[in-house]
Amino acid sequence: MKNLLDEYRARDLLQDATEGVAEHLLEAPRTIYIGFDPTARSLHLGSLVPIMGLVHAQRAGHTPIALVGGGTGLIGDPSGKAAERQLLTKELAAENAEGIRSQLEHFLDFEVKSNPALVRNNLDWLGDITLVDFLRDVGKHFSVNQMMAKESVKRRIRDEESGISFTEFSYALLQSYDFLELYRREGCTVQMGGSDQWGNITTGIDLVRRMEGGRAFGVTYPLVTNASGAKFGKSETGNVWLDPALTSPFRFYQYWINVEDADAVRYLKFFTLLDRDEIAELADALVKEPHRRAAQRALAEDVTRRLHGQAGLAAAERATKALFGGDIEGLSADEIADVFADVPSSELVREDLQGGGKLVIDLLLESGLASSRGDARRSIEGGGVYVNSVRVQGIDVTVSTEEAIEGRFLLLRKGKKRYHLVALTA
RNA sequence: GGUGGGGUACCGAAGCGGUCAAACGGGGCAGACUGUAAAUCUGUUGGCAUAGCCUUCGGAGGUUCGAAUCCUCCCCCCACCA
């Protein structure tokens, strides 16, 4: 068996682990699970750490389970009521679970015979159990005294302002029950999670011991932040999603390219499968020739390829090369259409450019690059607006059909990185 | 329930009758420098309009030529007391 914990440790992915996990994982192939919250149609970058946690587990020969919290997700929304709505939510949860599975397929192997990845939805067991059964069979194993002794709970109780709701207080029971069910159904003996999940994980381990007399384990990874203290996984345009419909491969790629030096090496460890030597080499390059940004490139390439495939990566790189490397003016309209397939775009009726043309201010507003006319004006006055790579010189500048590339496209740009393609239609 | 202190733009926080679209800091957005990095520096940051207008300072009324600033009532937070 490959030593999974060593792998985590080498990648700074190990925060804490219960006693005996190392031996447990070395002895035989095990089944390991991590929970994912299906609050959205798509996972975002925040889920990448747990995903990679499962990836390493599978590569080490263990069976990874992604548990979608379809049931706990329902609890998370207290405003829901009436059977009708609940039904809808269940369907939605199932839908999201399906979406999550398809995203996980880019990372995990669901086909391999020996240890295929699994997706489970806790709605399967939480959905049908009655309150009385739950309290009788599960609840009686929980000591309120012990639950209240947990640091996370104590803090909330001490803090009279926020307090803690019963729902939240009992969330640990549900998560523990998940572990128990996975232990029973899939022989799952290890739960992983973010360091904030430590309490819930150990509670689950206790439940498995009490109810089944079994031994289970927990492993946590650190929560990822970036060097500037900003939230990891947020770009200037918001969350970075794994779904290409929500975050294009180009944007995804760009997110990684723009990672600051201080984060690059850590991210390489977290999010790529490059080995120690390769990462050391890139770290070295970062110091010796930082302008090459070899680390960021390797990072962007590796992660984008894994998620979006070779074709997605190629498209992202093509667009990147055109935007940041070469000269856009040299490109034909077809090439532009191709390159910018990935960049935000809108359509404009050609007639709108007829006559005196159209004010750049209006274009900025309509494309969403500016939030108001004043904002558009300021951006232009500050020298931050370009049409077809040429800086707009004044707020009264207009654009006409002659300026369109082969009469088909206008390329708007605000700042260094935000592009918008306007396609002209008849 | 009682007493005292508060609610100001994205956030924090000044202002306490006109000169307030509202200091200052953070954040955001641009620009410069770089390496599509960080740090730093500069500009900008309610809306519309070529120095004017409109909507903002918890809510509703009122006083005044004029209110974020004063008065009344209401709502919400905080501190101490019970």
Side-chain angles (χ1 to χ4, degrees), chain A residues 158-163 224-240 247-268 270-271 279 282-301 303-304 313 315-328 339-340 342-344 356 359-387 389-398 411-420:
Chain A
R158 248 186 273 123
D159 181 3
E160 292 185 21
E161 286 172 46
S162 57
V224 181
T225 53
N226 77 13
S228 308
K231 267 185 200 153
F232 166 74
K234 295 265 188 193
S235 73
E236 61 277 6
T237 36
N239 257 328
V240 177
T247 299
S248 70
F250 170 71
R251 286 253 192 83
F252 187 83
Y253 180 87
Q254 282 292 318
Y255 177 84
W256 298 106
I257 282 287
N258 280 301
V259 161
E260 41 188 289
D261 291 7
D263 290 320
V265 173
R266 271 170 62 239
Y267 288 1
L268 280 168
F270 287 166
F271 304 119
I279 292 176
L282 290 166
D284 194 45
L286 201 58
V287 176
K288 286 190 180 141
E289 29 181 25
H291 55 283
R292 305 274 305 267
R293 290 178 305 133
Q296 280 92 336
R297 280 177 208 285
L299 179 65
E301 210 178 295
V303 183
T304 307
L313 173 63
E317 284 181 328
R318 216 162 41 237
T320 295
K321 215 171 156 194
L323 294 184
F324 297 103
D327 190 359
I328 291 157
V339 163
F340 288 91
D342 240 10
V343 155
L359 277 172
V360 175
I361 289 176
D362 292 325
L363 285 171
L364 288 174
L365 202 57
E366 286 165 22
S367 66
L369 285 177
S371 61
S372 70
R373 302 182 68 79
D375 184 31
R377 199 171 296 121
R378 275 180 237 115
S379 293
I380 293 172
E381 283 170 346
V385 174
Y386 302 76
V387 173
S389 301
V390 180
R391 180 176 276 175
V392 174
Q393 294 297 345
I395 59 169
D396 48 1
V397 170
T398 58
L411 184 62
L412 304 177
R413 178 180 139 205
K414 183 184 168 222
K416 283 196 175 77
K417 299 169 195 170
R418 291 183 61 193
Y419 283 88
H420 186 99

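For clarity, every value in this text was computed on a predicted model and none was experimentally measured. Just so we're on the same page: letters track the sequence lines, and every chain starts at 1.
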Is the base of B:rA51 syn or anti, where syn means the angle lies within 90° of 0? syn
Base-pairing mate for B:rC16 - Watson-Crick or G-U, with both contacts under 3.5 Å: none
In terms of heavy-atom contacts, A:A316 and A:P249 come closest through CB-O, 3.7 Å
Would you say a side-chain N or O of A:K417 is under 4.0 Å from OP1 or OP2 of B:rA37? yes
Base, sugar-phosphate alone, or nothing: which one does A:R293 contact when heavy atoms must sit under 4.0 Å apart? base
With P as the reference atom in both, quote the distance from B:rA38 to B:rA49 in angstrom, rounded to an integer. 34 Å
How many whole angstroms separate atom NZ of A:K416 from atom P of B:rU36? 9 Å
Just name whichever nucleotide pairs with B:rG1, Watson-Crick or G-U, keeping both distances under 3.5 Å, else none. B:rC81
For nucleotides B:rA23 and B:rC78, find the distance between their P atoms and express it as a whole number of Å. 29 Å
Ranking B:rG31, B:rA49, B:rG35 by distance to the side chain of A:R373, first place goes to B:rA49
Any side-chain N or O of A:R377 less than 4.0 Å from the OP1 or OP2 oxygen of B:rU44? no
Distance, rounded to the nearest Å, where A:L365 contributes CG and B:rC29 contributes C1': 15 Å
Output the rounded distance in Å from CD (A:E301) to P (B:rU36). 18 Å
Is A:I279 close to A:V265 at the side-chain level, that is, under 4.5 Å between some pair of heavy atoms? yes
What is the distance, to the nearest angstrom, from the CD atom on A:E260 to the P atom on B:rU36? 16 Å
Could you say whether A:P290 or A:S371 is positioned toward the 5' end of RNA chain B, judged by the nucleotide with the nearest heavy atom to each? A:P290
Going through the distances and angles, do A:F250 and A:L323 end up as a side-chain contact (heavy atoms from CB on, under 4.5 Å)? CA-CA 11 Å; A:F250 170 71; A:L323 294 184; 3.4 Å; yes
Distance between the P atoms of B:rC57 and B:rU8, in whole angstroms? 11 Å
Distance check needed: B:rU34 P versus A:I257 CD1, whole Å only. 21 Å
Just compare B:rG31, B:rA37, B:rA30 and give me whichever is closest to any side-chain atom of A:R418. B:rA30
Taking only residues two or more places apart in sequence or in another chain, which ones pass salt bridge (charged side-chain N to carboxylate O under 4.0 Å, His left out) with A:E317? none
Please determine whether a side-chain nitrogen or oxygen atom of A:S372 lies at a distance below 4.0 Å from atom OP1 or OP2 of B:rG47. yes
Using the C1' atom as the point on both nucleotides, what is the distance between B:rC80 and B:rC29, in whole Å? 45 Å
A:Q254 has its side chain closest, among B:rG35, B:rC29, B:rU36, to B:rU36
May I ask which nucleotide in the shown strands pairs with B:rG46, Watson-Crick or G-U wobble, both distances under 3.5 Å? B:rC54
Would A:I257 and A:T320 count as a side-chain contact (heavy atoms from CB on, under 4.5 Å) here? Give the steps. CA-CA 10 Å; A:I257 282 287; A:T320 295; 5.6 Å; no
Rounded P spacing from B:rG18 to B:rG12 in Å: 26 Å
Residues A:Y267, A:Q296; criterion side-chain contact (heavy atoms from CB on, under 4.5 Å); working and verdict: CA-CA 9 Å; A:Y267 288 1; A:Q296 280 92 336; over 6 Å; no
Taking any strand in view, what nucleotide pairs with B:rA60 in a Watson-Crick or G-U wobble way, both distances under 3.5 Å? B:rU72
Reckon A:R413 touches a base, only the sugar-phosphate, or nothing at all at heavy-atom distances under 4.0 Å? nothing
Both distances below 3.5 Å, Watson-Crick or wobble geometry, any strand: find the nucleotide opposite B:rG25. B:rC11
A:D362/A:R373 salt bridge by N-O under 4.0 Å criterion: yes
Between B:rG35 atom P and A:F324 atom CZ, what is the distance in whole Å? 15 Å
Using the P atom on both, measure B:rU55 against B:rG1 and round to a whole Å. 39 Å
So, do A:I361 and A:I395 sit near enough that their side-chain heavy atoms are less than 4.5 Å apart? yes
With a non-hydrogen cut-off below 4.0 angstrom, is A:Q296 in contact with a base, only sugar-phosphate, or nothing? base
At 4.0 Å (heavy atoms only), tell me whether A:E381 reaches a base, stays on the sugar-phosphate, or touches nothing. nothing
For the C1' atoms, the ones on B:rC70 and on B:rU63, what distance do you get once it is rounded to whole angstrom? 8 Å
For atom CD1 of A:I395 and atom P of B:rU44, their distance in whole Å: 15 Å
Hunt down the Watson-Crick or G-U wobble partner of B:rA39, both distances under 3.5 Å, from any strand shown, or write none. none
Nearest whole Å is fine: how far is B:rG28 C1' from A:D375 CG? 10 Å
First encountered from the 5' end of RNA chain B, between A:G384 and A:R297: A:G384
Taking the C1' atom in each of B:rG26 and B:rA13, what is the distance between them to the nearest angstrom? 10 Å
Within less than 4.0 Å of OP1 or OP2 of B:rG47, is there a side-chain N or O belonging to A:R378? yes
